[in-house]
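What follows is a single structure, written as structure tokens, with notes after it.
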Number of protein chains: 2
Amino acid sequence: MRLSTKGRYAVTAMLDLAIHHEEGPVTLADISENQGISLSYLEQLFARLRRQGLVEGLRGPGGGYRLSRRPQDISVAEVITAIGEGIDATQCEGNRDCQDGEECLTHQLWTKLGREIFDFLNGITLASFIERDDVNKVIQRQQGRVTLVAPRLGKTLA
Amino acid sequence: MRLSTKGRYAVTAMLDLAIHHEEGPVTLADISENQGISLSYLEQLFARLRRQGLVEGLRGPGGGYRLSRRPQDISVAEVITAIGEGIDATQCEGNRDCQDGEECLTHQLWTKLGREIFDFLNGITLASFIERDDVNKVIQRQQGRVTLVAPRLGKTLA
DNA sequence: GTAATTACCTAGTATTTTACTCAGGTAATT
DNA sequence: AATTACCTGAGTAAAATACTAGGTAATTAC
């Protein structure tokens, strides 16, 4: 289990989609502007998310991306693994022979801990995370603010 | 909250120390051989762990590193942050002004999730992780094996 | 139809991080 | 005094990160 800024981008972008799940697709341009991520980088991330079946793209005006499943059916762990951060990456990857014909201590301990972290993140869905009071308050505030200041910003925050 | 192979090295090395906590200090040379990490790289990691007060080094023959605190008083989260992976690393780091004078959505969502992951890992101590039956079984097996095959390997697995 | 909008794709690249190597220190034990 | 350990800093190859540039394809609005 790995966890880097790349995973953070993917998760927050997916949360953005989840927030606007009822309102139709969200364009990457909106997410890019919102979250300060370059458009092309987002495209690369979403290419993976799409190949993993987490999102679907809709071309043309009014298009964008939307979640393939309901927000309550997509976990944070799924998003992180979808962009390729679920790979174990131990030196002795598949090998059970990394040390004298047995698994090494590193392998055993880390795969165990990694699985626990995965299980933990697998229990957090996009919906469960958004539906909290504290997070919800921020979303409401942001929506109000941006609608007021720049209503043409797009669906992401409008 | 970040989590990379660097963090894995640190955590597994600390677990190694925790396993032999009753037996005196463990040398980096032993850990290096055990876990397949270069000695100098380990020295760099342990320099940080020492500065954070998680371990203490004992020089001279028979020396090595040992935990500063009891294994039940050191959490996995502490180890990861000690080597510098606890830093938030959002683009709008301390700034609450990253977007139009307000915190951005990314910042809010991720710091929230990051704190949850931290709390989770903070609940796992070196002792609690080792004392499980399944992990313990592996440790026992490894100790038996190495003692049999190469008794002079050192304290780490002997 | 045509033009605009959006997804989608490929290749290249600068920067940072990772993981390591080397070369020399300093300090404590025997 | 010799041994064995820790410490420091500089350098470096490989990988990951984050981005740039330039296309093609599908859909919508006119």
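To find a chain, count down the sequence lines: A is the first, B the second, and so on, and within it residues start at 1.
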Subject >> Distance in angstrom units between A/K6 NZ and C/dT17 P, rounded >> reply: 16 Å
Original post:
Which distance, rounded to the nearest 0.5 Å, do you find between the CG of A/N34 and the CG of A/L28?
Top reply: 11.5 Å
Original post:
Looking at CD1 of B/I80 and NZ of B/K6, how far apart are the two atoms once the value is rounded to the nearest 0.5 Å?
Top reply: 12.5 Å
**OP:** Could you tell me the separation between the OH atom of B/Y9 and the CG atom of B/L42, rounded to the nearest 0.5 Å?
**Re:** 9.0 Å
Original post:
What are the two closest non-hydrogen atoms of A/L15 and A/I130, and how far apart are they?
Top reply: O-CD1, 3.7 Å
**OP:** Mind calculating the distance between CG (A/L58) and C1' (C/dT5) to the nearest angstrom?
**Re:** 13 Å
Subject >> Runs of at least three consecutive pairs that involve DNA chain C, where pairs are Watson-Crick or G-U with distances under 3.5 Å >> reply: C:1-30 with D:1-30
Original post:
For D/dA18, does OP1 or OP2 lie under 4.0 Å from any side-chain N or O of A/T5?
Top reply: yes
**OP:** Using atom CZ of A/R66 as one end and atom C1' of D/dT27 as the other, report the distance to the nearest whole Å.
**Re:** 13 Å
**OP:** Give the rounded distance in Å between these two atoms: OH of B/Y65 and C1' of D/dT4.
**Re:** 14 Å
Original post:
Under 4.0 Å between a side-chain N/O of A/R2 and OP1 or OP2 of C/dT17, yes or no?
Top reply: no
Give me, pair by pair, the N or O atoms of the protein and of nucleotides 24-26 of chain D that are less than 3.5 Å apart, along with how far apart they are.
residue : atom : partner : partner atom : Å
D/dA25  : N3   : A/R59   : NH1          : 3.4
D/dA26  : O4'  : A/R59   : NH1          : 3.4

Original post:
Rounded to whole angstrom units, what separation is found between the CZ atom of B/R8 and the C1' atom of D/dA16?
Top reply: 15 Å
**OP:** Identify the two heavy atoms, one from A/I83 and one from A/A10, that lie closest to each other, and give their separation to 0.1 Å.
**Re:** CG2-CB, 3.8 Å
Original post:
In whole angstrom, what separates B/I31's CD1 from D/dA5's P?
Top reply: 12 Å
Subject >> Closest nucleotide among D/dC7, C/dC9, D/dA18 to the A/Y9 side chain >> reply: D/dA18
**OP:** Would you indicate what A/G57 reaches in the nucleic acid, counting non-hydrogen atoms under 4.0 angstrom: base, sugar-phosphate, or nothing?
**Re:** sugar-phosphate
Subject >> Note: B/E43-B/R48 ion pair, threshold 4.0 Å (strictly below) >> reply: no
Original post:
How far does CD1 of A/I74 sit from CD of A/Q52, to the nearest 0.5 angstrom?
Top reply: 12.0 Å
**OP:** For A/L28, answer base if it contacts any base atom (sugar-phosphate contacts may also be present), sugar-phosphate if it contacts only those atoms, and nothing otherwise; contact means non-hydrogen atoms under 4.0 Å.
**Re:** sugar-phosphate
Original post:
Within this structure, what is the CD-to-C1' distance between B/E56 and D/dC6, rounded to whole angstrom?
Top reply: 13 Å
Original post:
So which one's nearest nucleotide on DNA chain D is more toward 5', B/L39 or A/L39?
Top reply: B/L39
Original post:
Out of D/dC19, D/dT8, D/dT17, which nucleotide sits closest to the side chain of B/R51?
Top reply: D/dT8
Subject >> salt bridge (Lys or Arg N to Asp or Glu O under 4.0 Å) contacts in which one or both residues fall within residues 49-65 of chain A, not counting sequence neighbours >> reply: A/E56-A/R66
Subject >> Any pair counted as ring-ring contact (aromatic ring centres under 6.0 Å, His included), so long as it reaches residues 44-68 of chain A, sequence neighbours left out >> reply: A/F46-A/Y65
Subject >> Near-strand residues of residues 40-48 of chain B, defined as heavy-atom separation under 4.0 angstrom from DNA chain C >> reply: B/S40, B/Y41, B/Q44
Original post:
Transitively linked via ILVMFWY side-chain contacts under 4.5 Å: A/L58 with A/L49?
Top reply: no
Side-chain donor/acceptor pairs under 3.5 Å, residues 118-127 of chain B, sequence neighbours excluded:
residue : atom : partner : partner atom : Å
B/N122  : OD1  : B/S75   : OG           : 2.6
B/T125  : OG1  : B/A127  : N            : 3.4
B/T125  : OG1  : B/S128  : N            : 2.9
B/T125  : OG1  : B/S128  : OG           : 3.2

Subject >> Reported OG1-to-CE distance for the pair A/T12 and A/M14, which is rounded to 0.5 angstrom >> reply: 11.0 Å
